[in-house]
2 protein chains.
Amino acid sequence: MATRSAPTTGRTKKKAPDGPAPRAPLTYAKSGVSIEEGDRFVDMIRRDVRRTHGPRVLDRPGGFAGLFRLDFNEKLFKRNYREPVLVACTDGVGTKVKIASDTGRYDTIGIDLVAMNVNDLIVEGAEPLFFLDYIAAHKIIPEQLAAVVKGISDGCRQAGAALIGGETAEMPGVYPEGEIDLAGFAVGVVELERATSRERVEPGDVVIGLESDGVHSNGYSLVRAVVKEAGLHLDKVYKDLDKSRTLGEVLLTPTRIYAKPIVALQRAYTVKKIVSGMAHITGSGLGDNLERALHPKVDAILDPSKWPVTPVFTFLQQHGSIDEDEMRRVFNMGIGYCLVVRPTFAASIATRLKRAGERPHLIGHIVKGSGKVRMTDRE
Amino acid sequence: MATRSAPTTGRTKKKAPDGPAPRAPLTYAKSGVSIEEGDRFVDMIRRDVRRTHGPRVLDRPGGFAGLFRLDFNEKLFKRNYREPVLVACTDGVGTKVKIASDTGRYDTIGIDLVAMNVNDLIVEGAEPLFFLDYIAAHKIIPEQLAAVVKGISDGCRQAGAALIGGETAEMPGVYPEGEIDLAGFAVGVVELERATSRERVEPGDVVIGLESDGVHSNGYSLVRAVVKEAGLHLDKVYKDLDKSRTLGEVLLTPTRIYAKPIVALQRAYTVKKIVSGMAHITGSGLGDNLERALHPKVDAILDPSKWPVTPVFTFLQQHGSIDEDEMRRVFNMGIGYCLVVRPTFAASIATRLKRAGERPHLIGHIVKGSGKVRMTDRE
């Protein structure tokens, strides 16, 4: 019953679009539904979806649900949980989806969708298991939506998650021409006693920041306002930003997925709980997000000189005449993920993460306080 | 660590709207984000969300993920799974959401969202565990979105699922004024050996159909085309349809959630596998959906005279001059859920379901065939 692949479940369900009023007698087809286009889309994405599946995904043709075995009784994969806690997230990609439609490039926005969900799962100490997506558009254009699903599939493989289900809805009555929206759902599992618990954070702990790959998925309304206000063009190369990539390509750079290195790190240290807390840096910047990893008796002191500011932020700041505090309130400013760790292990953890391909920096430390994040250049 | 409630995780994340271009210097607020409205919304929904939680939902303030214990070591709730298989679905409610916005009544569409997901989970033999939702709109109007979440919460309680997470995105750049879309995500669990497997269906099996509560969540593009074409009004009472409810109220009747009776039925018969297959009747009608419960060596013969056609379908058919075959291809025509069962148990299963509040009918039987559903009045 446990097979290596499963068909794309759920995608044969279509929500009929809200079409123009036809002459009587009325039929579904006249209401605007195209079953053929939907089927063509399913064929196009089948391989991308299957590439994300492992032996835990069960093949159940006919249903609309995805099935995933929690324990898999094979030596290679045996990871039994005594007290398994399921961890679940949902998130979209916000206004970044409009950069995709503005540039006509849909093949990476799916990576952002996975990242925004899976990066929140791993903060809880969880290992990602599977992912589902919901894509709604004015019109299902198979090539476009297949590109989106390819991106989701790429993101899932980066995260070690199986893409086990999805829904595609064509709704011209809700979405204007050319518009599309995406929602993602991720589920992971963590052993109850190893689940992240912010009470563990202590004065003396060190804050490690992992570099982001750009704007990631938050702040795009401000990004687009800058582009419009400053008369910038997404299809142009700006030498002070990037020597060869267009502004659109830089802005579309996918959100980095931190899952594999973080999950591997958790497995490397099974006895001691050396990671006190973690944070995924999303909307409202580094300060606000790191605060969520603290409890009311500690502060985090960060030194902005300890990590490089990604060029795209300097570029946006200059062209938008945005002040520094506003930049920090909106954007990640170069750090996409944080870990709060016991000081004795900070150096070895940073080394491990660097070997895993991350760019870690020792960006601050924990002191007694009141639950705040403070920047040394604002003290 | 296992507490009775958890805060609404995830809803403090907001995606900034795509606002008008402000004068420099640019700020996030000028881009159109209102943090206060978002916070007010979270306060309004807190109680509705908590009502769905049981002891398995873990309280983890600070994160964006919902946590749910799979095994709970308490006598009352101890349901250990030897080989647990997680079952996951995602779905939206399609064009029905426009009936909600047309009538301004948002408090039941959330029930549809839960139903569309949970009814697909139970088809696999699974018990629903938890639910998450994604709501995106032109503008977050707290009262409106709180009504939506109230509906989701009501649906979750009907389904026995915990509402453990959600995301709300305000995106005026994607959604025109007044528009909203919803996506839902449900996870359940089933014991591997009890998971539905359509190979079990045998000639001689009986098909039991459970009555629907109306249009449910499919076919609304045709519904709206009829309303428009025939000059009908959602705020009017049509005596031949319903003596007291308006057309809008009838059309908004929530999708019936079959979870509790079906899960209870599965538990009542633990040794024998007397349910061969099940189907949730959604898009493309009874025939297409029941076919998914069959395998290529059997047919299902259904007798349409064995169940009542809900008045709303007759009404739509007359006003839209829609022919019978088209009606059957689009709408559920009075049956919302089917079970294929061993003949010796058909009567006792039907009795059990009736006692649980359902309206079951013996609507057909299985014969040797080629995977088709056939109607006796079309033979």
- Decide if the gap between the ring center of A:Tyr134 and the ring center of B:Tyr134 is smaller than 6.0 angstrom.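 So the answer is no for these two rings.
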
Proximity breakdown for [X] and chain A, heavy-atom pairs closer than 4.5 Å:
{"X": "B:Val187", "value": "side chain"}
{"X": "B:Ile122", "value": "neither"}
{"X": "B:Leu294", "value": "neither"}
{"X": "B:Val223", "value": "neither"}
{"X": "B:Ala183", "value": "both"}

- Item | Engaged part of A:Leu316 at the chain B interface, taking heavy atoms whose separation is under 4.5 Å |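 It is neither, since no heavy atom gets under 4.5 Å.
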
- Message: Please classify the contact between A:Val97 and chain B as side chain, backbone, both or neither, with a heavy-atom cut-off of under 4.5 Å.
- Response: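 Just its side chain gets close to chain B.
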
Say you draw a straight line from [atom1] of [X] to [atom2] of [Y]; how long is it, rounded to the nearest 0.5 Å?
{"X": "A:Leu86", "Y": "B:Ile164", "atom1": "CG", "atom2": "CD1", "value": "8.0 Å"}
{"X": "A:Thr90", "Y": "B:Glu167", "atom1": "OG1", "atom2": "CD", "value": "6.5 Å"}
{"X": "A:Phe131", "Y": "B:Phe185", "atom1": "CZ", "atom2": "CZ", "value": "9.0 Å"}

- Taking all atoms of both residues into account, what is the closest heavy-atom pair of B:Leu132 and A:Ala88, and its distance?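 For B:Leu132 and A:Ala88, the tightest heavy-atom pair comes out as CD1-CB, 3.7 Å.
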
- Query: Do you know the tightest heavy-atom contact between A:Asp181 and B:Ala136?
  - Reply: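 For A:Asp181 versus B:Ala136, the nearest heavy atoms are OD2-CB, 3.6 Å.
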
- Query: Is there a donor-acceptor pair closer than 3.5 Å between any side-chain N or O of A:Lys98 and the backbone N or O of B:Gly173?
  - Reply: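 Pair found, side chain donor or acceptor close to backbone of B:Gly173.
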
- Task: Count the heavy-atom pairs under 4.5 Å between each of B:Ala186, B:Gly184, B:Gly188 and chain A, then report the option with the highest count.
- Result: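 Result: the option with the highest number of such pairs is B:Gly184.
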
